[in-house]
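Everything on this sheet refers to the single structure shown next.
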Amino acid sequence: MSNAPARVVVGITGATGAVYGVRLLERLRAAGRETHLVVSPAGVLNVHHELGLDRQTLESLAHTAYHPSDVGAAIASGSFATAAMVVAPCSMKTLASVAHGFCDNLLSRAADVTLKERRRLVLMVRETPFNLAHLRNMTAATEMGAVVFPPLPAFYHRPQTIDEMVNETVERVLALIGVDSAAPKAWAGL
């Protein structure tokens with residue numbers, strides 16, 4: 001991925017798991033990637049509820065932050081070259097918008113642009129159990145080129161803390177989007 005742009009779009013929605021989006025922003029910055037953040041209104045509420053962060057603190061983790069109603073923002077255009085987009089966490093509402101091309105806000109528009117430009121889109125879907133509409137939307141998004149990546153923890157490396165589980169999941173996502181410094185743990189067998 002060395003010739004690809006170093007920009008990554010990060011979306012955060014109102015699904016539980018705000019820590020994944022925050023940790024992703026922190027790791028992308030450490031990896032030298034330029035981050036472009038868009039957070040849904042429910043995402044802002046959830047970041048505050050789960051992590052105690054306000055919008056300003058969250059947005060300070062990104063290089064550039066956009067309001068979700070700003071559909072004229074740079075990330076809404078295919079000419080704005082990016083390496084990938086990750087929605088972490090991705091609500092079922094946002095999944096449905098992506099699966100059906102319903103670009104009613106900047107987050108879903110940026111995801112749509114990512115798909116139309118054939119760039120990597122990772123959707124860290126949350127909210128279980130899944131109903132049939134959720135499963136069909138995941139199938140539709142996958143058929144369009146998205147990677148559906150529920151943040152399910154791996155236990156083969158015997159994590160001792162929630163942070164270790166979150167970090168491992170984020171490292172796997174970083175590897176998926178081609179970040180060279182990603183360091184997911186390899187399964188060594190038992």
Checklist entry - With sequence neighbours left out, what residues match R120 under side chain to side chain contact (heavy atoms under 4.5 Å, CB included)? => result A84, V122, V147, L176, I177

Checklist entry - So which heavy atom on P151 is nearest to which on R126, and how close? => result CG-CD, 3.4 Å

Item to check | Any donor-acceptor pair under 3.5 Å from E168 side chain to K185 backbone | outcome: yes

Checklist outcome for this item: Value for CZ (R172) from CZ (F149), rounded to nearest 0.5 Å, stands at 4.0 Å

Next on the checklist: Restricting to non-hydrogen atoms, name the atom on L25 and the atom on A62 that form the minimum distance, rounded to 0.1 Å.
Outcome noted: CD2-CB, 4.2 Å

Checklist entry - Which distance, rounded to the nearest 0.5 Å, do you find between the CE of M144 and the CZ of R118? => result 10.5 Å

Item to check | Qualifying residues under salt bridge (Lys or Arg N to Asp or Glu O under 4.0 Å), relative to E171, sequence neighbours excluded | outcome: R27

Item to check | Partners passing salt bridge (Lys or Arg N to Asp or Glu O under 4.0 Å) against D163 (at least two apart in sequence or in another chain) | outcome: R23

Item to check | Candidate pair T82 and V8, rule side-chain contact (heavy atoms from CB on, under 4.5 Å), full reasoning | outcome: CA-CA 6 Å; T82 61; V8 177; over 6 Å; no

Next on the checklist: For T35 and L61: C-alpha separation, side-chain torsions, deciding distance, then whether side-chain contact (heavy atoms from CB on, under 4.5 Å) applies.
Outcome noted: CA-CA 9 Å; T35 54; L61 298 173; over 6 Å; no

Next on the checklist: Working to the nearest 0.5 angstrom, can you tell me the gap between D54 CG and L58 CG?
Outcome noted: 8.5 Å

Next on the checklist: Going by the rule salt bridge (Lys or Arg N to Asp or Glu O under 4.0 Å), which residues pair with E164 if we only count those two or more places apart in sequence or in a different chain?
Outcome noted: none

Next on the checklist: List the residues meeting salt bridge (Lys or Arg N to Asp or Glu O under 4.0 Å) with R55, not counting sequence neighbours, and say none if there are none.
Outcome noted: E59

Next on the checklist: Can you pull out every ring-ring contact (aromatic ring centres under 6.0 Å, His included) where at least one residue sits in residues 24-47? Sequence neighbours excluded, please.
Outcome noted: H36-Y66, H36-F80

Checklist outcome for this item: Rounded to the nearest 0.5 angstrom, the CD-CG distance for E26 and N167 is 9.0 Å

Next on the checklist: Are L135 and N131 packed together at the side-chain level, in the sense that at least one heavy-atom pair is separated by less than 4.5 angstrom?
Outcome noted: no

Next on the checklist: Using modelled atom types and a 3.5 Å cut-off, is there a donor and acceptor pairing between side-chain atoms of T57 and backbone atoms of L53?
Outcome noted: no

Next on the checklist: Do L152 and V170 sit in one hydrophobic cluster, given that two such residues count as connected whenever their side-chain heavy atoms are within less than 4.5 Å of each other, even indirectly?
Outcome noted: no

Checklist entry - Where do L106 and A73 come nearest, in terms of heavy atoms and distance? => result CD2-CB, 3.7 Å

Item to check | Heavy-atom closest pair, residues V173 and M124 | outcome: CG2-SD, 3.9 Å

Next on the checklist: Looking at A83, is its backbone amide N or carbonyl O close enough to the side chain of R119 to form a donor-acceptor pair, meaning the two atoms are under 3.5 Å apart?
Outcome noted: no

Please table the atom pairs, donor to acceptor, closer than 3.5 Å between any side-chain atom in residues 85-93 and protein atoms at least two apart or in another chain.
unit_1, atom_1, unit_2, atom_2, d
S91, OG, T94, N, 3.1
S91, OG, T94, OG1, 3.2

Next on the checklist: More than 12 heavy atoms of other residues, nucleotides or ligands under 6.0 Å from CZ of R29: yes or no?
Outcome noted: yes

Item to check | Residue pairs fulfilling side chain to side chain donor-acceptor pair (under 3.5 Å) with at least one residue in residues 39-49, sequence neighbours excluded | outcome: N46-E50

Checklist entry - Where is the tightest heavy-atom contact between V47 and A18, given as atom of each residue plus distance? => result CG2-CB, 3.7 Å

Checklist entry - What ring-ring contact (aromatic ring centres under 6.0 Å, His included) pairs are there with at least one residue in residues 122-148, not counting sequence neighbours? => result none

Item to check | Criterion side-chain contact (heavy atoms from CB on, under 4.5 Å) on L37 and I12, from CA distance to verdict | outcome: CA-CA 8 Å; L37 175 67; I12 298 177; 4.0 Å; yes

Next on the checklist: Nearest 0.5 angstrom please: S108 OG to L95 CG, how far?
Outcome noted: 11.5 Å

Checklist entry - Taking side chain as C-beta onward, heavy atoms only, is L28 less than 4.5 Å from L174? => result yes

Checklist outcome for this item: Checking V39, V38, L107 against P68 for side chain to side chain contact (heavy atoms under 4.5 Å, CB included), the one that qualifies is V38

Checklist entry - How long is the gap from OG1 on T114 to CD1 on I75, to the nearest 0.5 Å? => result 8.0 Å

Next on the checklist: Checking S97 against D104 for the side-chain contact (heavy atoms from CB on, under 4.5 Å) test, could you report, in this order, the C-alpha distance in whole Å, the side-chain angles of both residues, the deciding distance, and whether it holds?
Outcome noted: CA-CA 8 Å; S97 292; D104 65 334; 4.1 Å; yes

Item to check | Qualifying residues under ring pair (Phe, Tyr, Trp, His ring centres under 6.0 Å), relative to F102, sequence neighbours excluded | outcome: none

Item to check | Contact summary for V179 and R33, nearest pair of heavy atoms | outcome: CA-NH2, 3.7 Å

Checklist entry - Who pairs with T64 by side-chain hydrogen bond (donor to acceptor under 3.5 Å, both in side chains), at least two apart in sequence or on another chain? => result none

Next on the checklist: I'd like to know if the side chain of T169 reaches the main chain of P153, judged simply by a donor and an acceptor atom lying under 3.5 Å from each other, with no hydrogens or angles considered.
Outcome noted: no

Checklist entry - In the hydrophobic clustering (ILVMFWY, side-chain contacts below 4.5 Å, transitive), which residues join V71, or is it alone? => result none

